[in-house]
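Given the structure is predicted, the values throughout are model-derived calculations rather than measurements.
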Amino acid sequence: VYLSGSDTRSKMLTTSRSDVNILLVVNPKSKQVLLLNTPRDYYVANPAGGGALDKLTHCGIYGIGCSVGALANLYSVPVNYYAQINFTGFETLVDAIGGITVESEYAFNGNKGTYHFVQGENRLNGAEALSFVRERKSFASGDRQRGQNQMLVISAIIKKLSAGTIIMHHAQILDSLQGMFITNLSGSDISDLVKMQLSDGADWNVKSFAVTGGDGSNYTYSMPRFRAYVMYQDTALVNRATTLVQRVLNGETLTKSDVKQ
């Protein structure tokens, strides 16, 4: 499943850049989930440009199918589904499930000092969670750490939804996101997943991995007249990520050492 975070803030989701680009690789039989983050500035082939190189975030300008195609090509894997949410929808989602608890690697401030997050456990509402996943200037690694924090929050959301009875209210939660969330998962697909979780109450083994690369500047398909910041691919990391995806699809269980970076 391609998870996309649109950079729009209104209550109506519109076609725009995608600032969050995560593949959610799920094996319902092995109960294994892999969150695979690709930085928004990754220099990838843009399907809309016939394979011309572009920032991954720019692919969103041409529709969510373009972003799906770019990631499917990068990791040599079919991407069956997508789900996209914007800033307002993300806040609404976190509040609708009663907030989340995130274990932060660092203490830092978000939203220009509006929020403070401690190293260790943080209980977050929607506005706080959005600040947590958007902050990058507080970290020496910038967007790389932001990607890690985004996966921490998604893991926390998965944990909250798969425990207790919150998932029983999935219809109401989805209704609250009307206009701010889109997916090609059908109502029956979602219902089947909910029934499965309620039936077996399984704990999911959620692991995260992120590709990174080298900083640089270059021309892009979407901005051909200007050099822009891009992150060049680390081929070894992309190949490793591709292997991890295939292992999950093959029913293997990933360990911490498998995703250690």
Side-chain angles (χ1 to χ4, degrees), residues 1-5 20-39 71 75 77 79-85 90 93-94 96-106 117 119-124 126 128-130 132-133 144-168 170 173-174 181 183 185 189-190 192-212 237-238 240-261:
V1 185
Y2 168 54
L3 300 181
S4 168
V20 179
N21 301 277
I22 293 175
L23 285 185
L24 178 70
V25 189
V26 182
N27 191 316
K29 293 183 178 180
S30 64
K31 306 301 179 183
Q32 176 68 60
V33 174
L34 172 66
L35 297 173
L36 173 56
N37 181 69
T38 309
L71 290 174
Y75 298 112
V77 62
V79 180
N80 310 102
Y81 303 102
Y82 63 77
Q84 185 175 55
I85 196 166
F90 177 78
L93 171 62
V94 174
I97 64 175
I100 56 174
T101 300
V102 173
E103 191 83 13
S104 178
E105 297 178 76
Y106 304 99
F117 306 104
Q119 183 179 27
E121 189 174 286
N122 294 264
R123 172 78 177 178
L124 308 178
E128 292 164 339
L130 180 62
F132 187 91
V133 299
R144 294 168 174 83
Q145 184 58 42
R146 174 163 60 178
Q148 294 291 341
N149 286 349
Q150 290 165 356
M151 291 190 291
L152 283 174
V153 166
I154 293 173
S155 295
I157 292 173
I158 293 172
K159 182 177 181 180
K160 188 70 177 283
L161 286 173
S162 60
T165 59
I166 290 177
I167 198 171
M168 294 177 64
H170 66 281
I173 293 172
L174 290 174
F181 171 80
T183 183
L185 279 160
D189 289 333
I190 295 172
D192 286 345
L193 287 169
V194 169
K195 289 176 182 176
M196 178 187 68
Q197 185 62 30
L198 290 174
S199 174
D200 60 26
D203 291 326
W204 292 78
N205 181 40
V206 182
K207 293 292 184 287
S208 300
F209 190 80
V211 298
T212 58
L237 280 178
V238 171
R240 186 177 168 196
T242 300
T243 298
L244 289 172
V245 170
Q246 291 301 325
R247 289 181 62 187
V248 173
L249 296 179
N250 290 339
E252 295 183 44
T253 300
L254 301 181
T255 65
K256 288 184 179 179
S257 62
D258 289 326
V259 296
K260 186 177 180 180
Q261 294 181 270

Closest non-hydrogen atom pair between A202 and W204, with its separation | O-CD1, 3.6 Å

Qualifying residues under salt bridge (Lys or Arg N to Asp or Glu O under 4.0 Å), relative to R247, sequence neighbours excluded | E252, D258

Out of curiosity, Q197 CD to L193 CG, how far, rounded to the nearest 0.5 Å?
-> 9.0 Å

Flag side-chain contact, heavy atom, 4.5 Å: V133 against I154 = no

For the student: nearest non-hydrogen atoms of L161 and I167, plus distance | O-CB, 3.2 Å

Report yes if the side chains of V102 and F117 come closer than 4.5 Å at any heavy-atom pair, otherwise no.
-> no

For D203, what residues pass the salt bridge (Lys or Arg N to Asp or Glu O under 4.0 Å) criterion, not counting sequence neighbours?
-> none

With N205, which of N27, V248, V33, T253 fulfils side chain to side chain contact (heavy atoms under 4.5 Å, CB included)?
-> T253

Here the pair of heavy atoms bringing V79 nearest to V1 is CG1-C, 4.4 Å

Separation of Y2 OH from N80 CG (nearest 0.5 Å) | 15.0 Å

Closest heavy-atom pair and its distance - Q148, A210 | NE2-CB, 3.6 Å

Residue set satisfying side-chain hydrogen bond (donor to acceptor under 3.5 Å, both in side chains) with N149, at least two apart, ordered chain then number -> Q145

Does N122 use its side chain to pair, donor to acceptor, with the backbone of G120 at less than 3.5 Å?
-> yes

Checking Q119 side chain against E105 main chain: does a donor-acceptor pair fall under 3.5 Å?
-> yes

Any donor and acceptor pair, going by atom type alone, linking the side chain of S162 with main-chain N or O of I158 inside 3.5 Å?
-> yes

Set of salt bridge (Lys or Arg N to Asp or Glu O under 4.0 Å) partners for D189, sequence neighbours left out | none

Minimum-distance pair of heavy atoms, taken over all atoms of V211 and P39 | O-CD, 3.2 Å

Nearest heavy-atom pair of K207 and L254: which atoms, and what distance?
-> CE-O, 3.8 Å

So, do I173 and I97 sit near enough that their side-chain heavy atoms are less than 4.5 Å apart?
-> yes

With the side chain counted from C-beta on, respond yes when E103 and L152 share a heavy-atom pair under 4.5 Å apart, and no when they do not.
-> no

Just how far is it from atom CG of L71 to atom OH of Y82, taken to the nearest 0.5 Å?
-> 15.0 Å

Could you tell me the separation between the CE atom of M168 and the CG atom of L198, rounded to the nearest 0.5 Å?
-> 6.5 Å

With a 4.5 Å heavy-atom cut-off, do V245 and L34 have their side chains touching?
-> yes

Using a 4.5 Å cut-off on heavy atoms from C-beta on, say whether the side chain of I190 contacts that of L174.
-> yes

Got a second to check how far N37's CG is from M151's CE, nearest 0.5 Å?
-> 4.5 Å

Who passes ring-ring contact (aromatic ring centres under 6.0 Å, His included) against F90, sequence neighbours left out?
-> none

Would a 4.5 Å heavy-atom cut-off, applied to side chains only, mark Q261 and L237 as touching?
-> yes

Could you check L35, L36, L23 and say which one makes a side chain to side chain contact (heavy atoms under 4.5 Å, CB included) with F209?
-> L36

Report the residues that fulfil salt bridge (Lys or Arg N to Asp or Glu O under 4.0 Å) with K159, sequence neighbours left out, ordered by chain and then residue number.
-> none

Only residue of K195, K31, K29 satisfying salt bridge (charged side-chain N to carboxylate O under 4.0 Å, His left out) with D200 is K31

Separation between CG (D192) and OG (S199), nearest 0.5 Å, reads 12.0 Å

